[in-house]
Amino acid sequence: QVQLVESGGGLVQAGGSLRLSCAASGRTFNTYAMGWFRQAPGKERDFVAAISWTGGNINYADSVKGRFTISRDDAKNTLYLQMNSLKPEDTAVYYCAAGPRPAGVEYAYRYWGQGTQVTVSS
């Protein structure tokens, strides 16, 4: 069992940066692949980024490549998403998730956080 709690969301102007964190409970964090997803109002939840349990396999959605960086600190049981050059279209609720592999689809993940709101103003 893994419990996930996101933090770090907020309101930022276009071009700005935010760093999201996802704190995980339990001693098995380092055995899970982790992912970030987001859901904008009225839209489906979309894949953002994923990282394998070793950190050696990282994937990004095309829409965030070159602007977002996913990382993990297993000593702190924490997943991060550094978001730079933010755009209004990045506005969404951001969720972290844990699963057996760093996939780009929701069904691959077993555990989910409650989400944190990111709002980018133009």
Side-chain angles (χ1 to χ4, degrees):
Q1 185 82 11
V2 176
Q3 292 184 328
L4 305 172
V5 179
E6 301 95 336
S7 62
L11 174 64
V12 63
Q13 289 188 332
S17 298
L18 280 175
R19 188 176 80 158
L20 304 184
S21 299
C22 173
S25 65
R27 293 177 288 180
T28 59
F29 174 76
N30 62 355
T31 66
Y32 285 96
M34 301 295 297
W36 286 101
F37 288 75
R38 66 186 181 186
Q39 187 168 21
K43 295 186 177 181
E44 295 184 348
R45 190 153 55 183
D46 291 331
F47 169 72
V48 174
I51 186 168
S52 63
W53 67 275
T54 65
N57 184 3
I58 292 176
N59 300 306
Y60 295 100
D62 288 343
S63 59
V64 306
K65 279 181 182 176
R67 299 189 299 123
F68 290 11
T69 302
I70 188 172
S71 62
R72 62 189 299 160
D73 185 338
D74 290 347
K76 296 182 178 179
N77 276 13
T78 303
L79 174 74
Y80 301 101
L81 185 68
Q82 178 66 43
M83 305 186 295
N84 299 328
S85 301
L86 282 161
K87 304 175 181 180
E89 51 263 45
D90 294 318
T91 294
V93 177
Y94 283 71
Y95 299 88
C96 66
R101 56 190 179 93
V105 290
E106 290 186 62
Y107 62 76
Y109 294 87
R110 186 175 304 170
Y111 303 107
W112 291 82
Q114 83 292 345
T116 185
Q117 176 71 48
V118 172
T119 303
V120 184
S121 63
S122 57

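Keep in mind the model is a prediction, meaning the values are calculated, not measured.
- Ring geometry for F68 against Y94 counts as tilted: the plane angle lies between 30° and 60°, on a 0 to 90° scale.
- Qualifying side-chain hydrogen bond (donor to acceptor under 3.5 Å, both in side chains) partners for S71, counting only residues two or more places apart in sequence or in other chains: none.
- Considering only residues two or more places apart in sequence or on other chains, S121 meets the side-chain hydrogen bond (donor to acceptor under 3.5 Å, both in side chains) condition with none of them.
- For the atom pair CG of L4 and SG of C96, the computed distance is 4.5 Å after rounding to the nearest 0.5 Å.
- Scored by the salt bridge (Lys or Arg N to Asp or Glu O under 4.0 Å) test, D74 finds R72 as partners (sequence neighbours excluded).
- Of the options V64, I51, I70, a side chain to side chain contact (heavy atoms under 4.5 Å, CB included) to W36 is made by I70 and by none of the others.
- In this structure K43 satisfies the salt bridge (Lys or Arg N to Asp or Glu O under 4.0 Å) test with no other residue, sequence neighbours excluded.
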key: Stepwise side-chain contact (heavy atoms from CB on, under 4.5 Å) check, L20 with E6   = CA-CA 7 Å; L20 304 184; E6 301 95 336; over 6 Å; no
task = Decide yes or no on side-chain contact (heavy atoms from CB on, under 4.5 Å) for Q117 and T91, but give the supporting numbers first.
result = CA-CA 8 Å; Q117 176 71 48; T91 294; 4.0 Å; yes
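- With sequence neighbours left out, the salt bridge (Lys or Arg N to Asp or Glu O under 4.0 Å) criterion links R67 to D90.
- Contact annotation: the side chain of Y32 never approaches that of W53 to less than 4.5 Å [non-hydrogen atoms, C-beta and beyond].
- Atoms CG and OG, on N57 and S52 in that order, are 5.0 Å from each other to the nearest 0.5 Å.
- The hydrophobic side chain of L11 is isolated, with no ILVMFWY side chain under 4.5 Å apart from it.
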